[in-house]
Amino acid sequence: MIDLKDLTIQKAHESLKNGEYTVTDLVNAYLEVIKEKNKDINAYLEVYSDVLDQAKVAEEMFKNGTATLMTGIPIALKDNILFDGHIASASSKILGNYKATYDADIIKQLKSVGTVFLGRVNMDEFAMGSSTETSAYGNTKNPVNPLYVPGGSSGGVVASVAMNGALVALGSDTGGSIRQPASFTGLVGLKPTYGNVSRSGIISMASSLDQVGPIGKNVSDVEILYEAINAYDKNDSTSIPKEKRVKDKSFRKILGVPKSFLAGDGIDKEVLENFEQSCEKLKKEGYKIVDVSLPLIKYSLAVYYIIQPAEVSSNLARYDGIRYGLSLESDKLYDVYAKTRGVGFGKEVRRRLLLGTYILSHGYYDAYYNKAVKVRDAISLELRNIFKDVDAIITPTSPFPPFKFGEKSKDPVSMYLSDLFTVPANIAGIPAISLPSGITKDGLPLGFHIMAPELREDILFLIGKDFEKLV
Ligand code: GLN
């Protein structure tokens with residue numbers, strides 16, 4: 001029996017190399033768990049039929065000495081990542097039958113080192129949501145406590161790892177979708193610097209904010225997967241060329257807390273207490289924690305909910321019933337569009353499309369979109385300046401602990417508040433990580449959130465590894 005609960009990439013790699021078990025054995029162990037648990041949790045929408053063939057390719061690499069750390073590692077893919085020949089639906093009805101015709105760049109990279117893709121996992125429809133309740137394919141339960149949501153939009157992604165149905169997984173994060181669900185399930189989740197990981201072959205949501213990133217049980221696993229996908233890609237115009245990547249490795253152990261931001265309404269008491277305790281622990285480790293003034297950061301959420309729907313309304317215009325996926329017939333072309341989109345998109349997606357179209361419409365564009373873009377620049381500048389004084393900015397990941405199904409889905413604004421602390425990193429394009437920081441008195445996981453300057457993922461891993469030892 002392979003102990004999947006405490007398995008790490010490093011441990012699995014050693015065992016595979018030493019011949020303690022084969023990649024097929026490892027993959028089969030995960031398939032067993034999926035078979036047993038997925039009917040309750042609903043993390044996987046599909047287990048790929050070719051997993052065992054993929055395992056054989058990886059085994060060959062171990063035999064001929066070309067195996068690397070990610071060879072033979074079983075991972076789960078968020079349902080918005082294109083894997084050639086396999087369905088990628090973004091958990092929407094409109095793409096229910098859409099088969100990818102090419103590999104995302106990150107898939108190409110992982111394929112070349114023999115990583116095993118177990119299957120695609122559930123998410124909020126087109127990654128819009130914070131609980132995975134907007135998926136067209138049912139709710140995903142939180143493996144820590146199935147009465148609670150796993151967070152979102154990468155709910156199936158975190159659930160697959162938390163139920164030991166994958167060793168690590170890949171998600172996407174536009175406003176917090178990797179970090180908030182990681183915090184809800186006691187996992188580590190990283191949103192890399194904008195441009196550090198290619199988005200070619202990721203179903204676009206809000207292109208100026210979207211990033212892909214890893215989720216795992218510990219910082220080291222997340223770092224290893226991140227290193228495997230962190231590369232320049234000519235097919236993504238926002239990808240950062242090698243020569244522009246920093247060599248700066250300075251680290252002063254100074255962390256900033258935006259105190260007045262944390263004093264706002266709607267932040268749970270237990271979350272704040274847990275955050276205080278985390279700070280105390282870091283102080284004992286020799287970290288200096290200082291108060292920083294970031295007066296603009298509180299506008300991040302408002303800015304996000306202008307820019308995000310605006311970009312969504314433009315990106316999702318391509319789902320017209322003609323080019324991709326679902327197509328509902330009619331005599332008139334307009335009715336093909338209207339019917340297909342009316343039936344194919346769920347309620348939250350339609351809400352954002354309406355909002356976005358309104359925001360971009362003549363007469364409102366300046367008042368909303370252009371203004372939001374200006375405030376975005378000001379927030380980015382404010383953050384960039386503060387990093388002259390501190391290495392990183394720390395907050396809780398989510399203003400509240402995991403919530404129950406239905407608790408927020410009827411009130412979009414309360415759902416949107418989930419993103420309070422995570423959205424600034426997307427607005428500014430900087431890297432951020434969520435680390436497990438303990439549990440509430442009801443046993444629900446909480447997260448500690450760290451933002452670092454552009455291209456300084458190394459700072460997040462350093463603090464993360466220190467932090468992990470303390471919790
Ligand atoms: N919860 C946010 C939203 O609904 C963020 C989603 C994301 O990061 N993909 O838009």
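Counting starts at 1 for both ligands and their atoms, following the listed order.
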Check: Q54/D50 side-chain N/O donor and acceptor closer than 3.5 Å
yes
With a 4.0 Å heavy-atom cut-off (strictly under), which part of S153 contacts ligand 1: side chain, backbone, both or neither?
side chain
Just to confirm my output: which protein heavy-atom neighbour is closest to atom 5 (C) of ligand 1, and how far is it?
Y304 OH, 3.3 Å
With a cut-off of 6.0 Å (strictly less than), are more than 12 heavy atoms of other residues, nucleotides or ligands near NZ of K99?
no
Is NZ or CZ of K408 both nearer than 6.0 Å to the six-membered ring centre of F403 and within 45° of the ring axis?
yes
With a 3.5 Å cut-off and no angle check, do the side chains of D221 and T8 form a donor-acceptor pair?
no
Would S130 count as being in polar contact with ligand 1, using the rule that some N or O on each side must be under 3.5 angstrom apart?
yes
Test side-chain hydrogen bond (donor to acceptor under 3.5 Å, both in side chains) on S208 and R376 and set out the steps.
CA-CA 11 Å; S208 78; R376 176 185 196 166; 2.8 Å; yes
Over 12 foreign heavy atoms within 6.0 Å of NZ, K93:
no
Under 4.0 Å between a Lys/Arg side-chain N and an Asp/Glu carboxylate O for K404 and E407?
no
Any nitrogen or oxygen of D419 lying under 3.5 Å from a nitrogen or oxygen in ligand 1? Just yes or no.
yes
How does Q180 reach ligand 1, by side chain, by backbone, by both or by neither, if only non-hydrogen atoms under 4.0 Å count?
neither
Is the count of non-hydrogen atoms from other residues, nucleotides or ligands lying under 6.0 Å from Y299 atom OH greater than 12?
no
Identify, by atom number and element, the atoms of ligand 1 in contact range of M128, meaning under 4.0 Å from any of its heavy atoms.
4 (O)
State the atoms of ligand 1, each with its element, that fall below the 4.0 Å cut-off from a heavy-atom position in Q308.
10 (O)
Assess S418 for proximity to ligand 1: is some non-hydrogen atom of it under 4.0 Å away?
no
Heteroatom distance test (G152, ligand 1): nitrogen or oxygen, under 3.5 angstrom
no
Could you establish whether M205 and ligand 1 come within less than 4.0 Å of each other, counting only heavy atoms on the residue side?
yes
Does this structure show an ion pair linking R341 with D320, if we count only N-O contacts that are shorter than 4.0 Å?
no
Any idea which part of Y305 is under 4.0 Å from ligand 1, heavy-atom wise: side chain, backbone, both or neither?
side chain
Any N/O of G176 closer than 3.5 Å to an N/O of ligand 1?
yes
When you compare ligand 1 with A127, is there at least one nitrogen or oxygen pair between them that comes in under 3.5 angstrom?
yes
Counting heavy atoms not belonging to Y324, are there more than 12 under 6.0 Å from its OH?
no
Answer with side chain, backbone, both or neither: which part of R352 has a heavy atom less than 4.0 angstrom from an atom of ligand 1?
side chain
Below 4.0 Å, non-hydrogen atoms only: which portion of M415 touches ligand 1? Side chain, backbone, both or neither.
neither
N or O contact, S177 vs ligand 1, cut-off under 3.5 Å
yes
